[in-house]
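In what follows, chains are A, B, ... by sequence order, proteins preceding strands, each numbered from 1. Side chains are part of it too, since the values below use all heavy atoms of this structure and drop only hydrogens, waters and symmetry mates.
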Amino acid sequence: IKENIDKFQNILADEKIEKYGFNLKEKIVQLKMKNVELKGNLFDIAIARYVTGHNIFKKDIFSMVEEYRRILKENNQEYLFYKVEMPLTEVLAWMEINGIRVDVEYLKNLSRQLSGEIKILEDKIYKEAGEVFNINSHQQLSKILFEKMKLPPVKKTKTGFSTENSVLEELSKLHPLPKLILQYRELHKLKSTYVDGLLSYVNKETGKIHPTFNQIITATGRLSCSNPNLQNIPIRTEKGSMIRKAFCPSDNNIFYSFDYSQIDLRILAHLSEDEKLMEAFFNDKDIHTETAQIIFPPDSLFSSGYTDKEKRRIAKTINFGIIYGMSPYGLSKELNITPEEAKVFINSYFEKFKGVKKYIEKIIKEAEKNGYVSTILGRRRYIPELKSEDKNQREFGKRVAINMPVQGSAADMIKVAMNNIYEYFRKRKLKSKLVLQIHDELLFDVYPEEEEEIRENVKKLMENAIKLKVPVKVEVKKGPNYLELE
DNA sequence: GCGATCAGCGCG
DNA sequence: CTTCGTGCTGATCGC
């Protein structure tokens, strides 16, 4: 292989020669590790299939490329493919090679600490249950809770009674055991998936974790991340967030995090042109507080009985729910209220945000007519479920039709930003590195001398990636690790 | 011994 | 029946 690379090096490095292939990112990474550059325009068949939704097969790669070029043109997806997805492949290869540093000693310590806490919880659980069993087995746990202790089963699964979080939460009012199980689960998840799990991925040579960023997996255009997944590092609980402290920049460097603020709702405002939503963003209001004030007007009867804080929480849940096509039933579960009350809230929302209501109706009609929905850059998701005999499937199809253009357009935006940032770093010959993308956030390992220039320029490049009808805002934070950012 | 599936749970 | 998109772990089942 080494000899072959030497032989072809001139061709690989020739900017004028286009490169066709399947999963080119892999090849770029392999070559980069041998210090060989792959230059020239790229055409990845796998990405063309992903973008177009067509599965073309022909005897030789040239005819396949030719056919995909035709479809890309026909679908109006040339910009998306040639200017967004293909350049992004190189950016992702760069990120994978960059990797992210973790404090191995810190994680090993955390592992020992968690072992101790888990042991104590196990003993308490066995004592309460009156026997030793495998706490990780739903089957065995189910027997203990619902047969031996005769606690009321709240919810079913395909195969038996559910023992999930919300059920145990409910049961902890009746008995101390469920609460202990919940605590055990939190710690066990942290130790197995994050502490021990992450340690097993630390590369011996670089001392870093090098995950894979998958470009052709999701139905919406988002990236996914695996081996390990670094897009779901805990943050919501105090114990969980301690995992973040293990991620740190390389020597003397500093982490910079750039975060799109409320990007989903800004995109909804852009797509729907809703008057109230747009106005809130133009006035740089806290969107959930503003929504609360709009759906609970101060003089209305039904706004009494809730504190301002509760109103904001309700508004926040509705705001997220809207993007997912949430039903009154779903909202009621989330807010612990009756479906009737939830329905009143949703009606009130749509009465005020008429543009959003109209947009949702329009996008569903469009999806039914075309068989697909699109993002700002023309990314498509075909929704065959809309034609299903099954009502549930059709309802699912409608929710997808609402959600995909929002989630997918946000993905378009951050992808364009990543490309522009990469190009900028190259031009300026910056040494700092992009290490993670977490859907609406970019994390950089930054050299001190590049701090100022990066802070200003990355922020601008992100905010200006795709122009919306409302302002786009990026929040910048910095710190010594992935936990302590401000 | 190994892959597939299920339940559960971490993130945006 | 009822909120979108992911990936990983551990238990279990069937080959």
Side-chain angles (χ1 to χ4, degrees), chain A residues 133-142 155-168 181-182 184-198 200-201 211-237 239-241 243-244 259-265 268 317-335 339 342-343 346 373 381 383 385 390-408 410-411 414 436-442 482:
Chain A
F133 67 106
N134 186 344
I135 308 168
N136 293 318
S137 160
H138 325 108
Q139 251 173 39
Q140 294 181 36
L141 178 62
S142 195
K155 198 174 158 188
K156 279 188 192 169
T157 65
K158 274 186 205 168
T159 52
F161 296 127
S162 169
T163 66
E164 61 161 57
N165 198 312
S166 67
V167 172
L168 296 184
I181 305 282
L182 285 170
Y184 171 89
R185 280 208 182 139
E186 185 188 359
L187 299 188
H188 183 262
K189 174 99 183 174
L190 286 181
K191 180 165 155 57
S192 63
T193 303
Y194 296 104
V195 181
D196 297 345
L198 288 177
S200 74
Y201 279 105
T212 304
F213 290 97
N214 311 297
Q215 202 178 350
I216 54 171
I217 297 262
T218 71
T220 57
R222 274 187 172 183
L223 298 177
S224 86
C225 179
S226 54
N227 302 312
N229 180 2
L230 296 186
Q231 289 180 321
N232 70 345
I233 304 303
I235 189 167
R236 292 173 198 179
T237 67
K239 280 204 169 77
S241 68
I243 302 289
R244 295 203 164 210
D259 202 320
Y260 279 115
S261 154
Q262 304 295 354
I263 192 61
D264 286 357
L265 287 170
L268 180 64
T317 309
I318 293 177
N319 273 335
F320 284 122
I322 293 295
I323 294 165
Y324 301 142
M326 193 190 242
S327 66
Y329 175 83
L331 184 65
S332 72
K333 282 250 154 176
E334 195 67 30
L335 292 175
K343 188 150 190 206
I346 291 176
V373 287
R381 176 169 183 175
I383 315 179
E385 291 90 346
D390 182 348
K391 176 106 193 304
N392 281 329
Q393 283 294 302
R394 289 201 303 278
E395 289 300 319
F396 172 73
K398 289 181 192 173
R399 295 196 293 271
V400 164
I402 297 167
N403 179 258
M404 186 274 177
V406 176
Q407 200 182 106
I414 198 165
L436 291 182
Q437 187 256 40
I438 313 101
H439 310 304
D440 60 358
E441 175 190 0
L442 297 176
Y482 194 27

Side-chain donor or acceptor of [X] under 3.5 Å from a matching atom on the base of [N]?
X	N	answer
A:K158	B:dC6	no
A:R222	B:dG12	yes
A:Q231	B:dC11	no
A:N232	B:dG10	yes

### Query
Which value, in whole Å, describes the distance between the P atoms of nucleotides B:dA7 and C:dT2?
13 Å

### Query
When the C1' atoms of C:dC4 and B:dT5 are considered, how many whole Å apart are they?
23 Å

In whole Å, what is the span from the [atom1] atom of [X] to the [atom2] atom of [N]?
X	N	atom1	atom2	answer
A:N319	C:dC4	CG	P	18 Å
A:L182	B:dC9	CG	C1'	12 Å
A:Y324	B:dC11	OH	C1'	11 Å

Does [N] have OP1 or OP2 sitting under 4.0 Å from an N or O in the side chain of [X]?
X	N	answer
A:S162	B:dA7	no
A:R236	B:dC11	yes
A:N134	C:dA11	yes

### Query
What is the base-pairing partner of B:dC11, counting Watson-Crick and G-U wobble geometry with both distances under 3.5 Å?
C:dG5

### Check ion pair A:K239-A:E186 (N to O, under 4.0 angstrom)
no

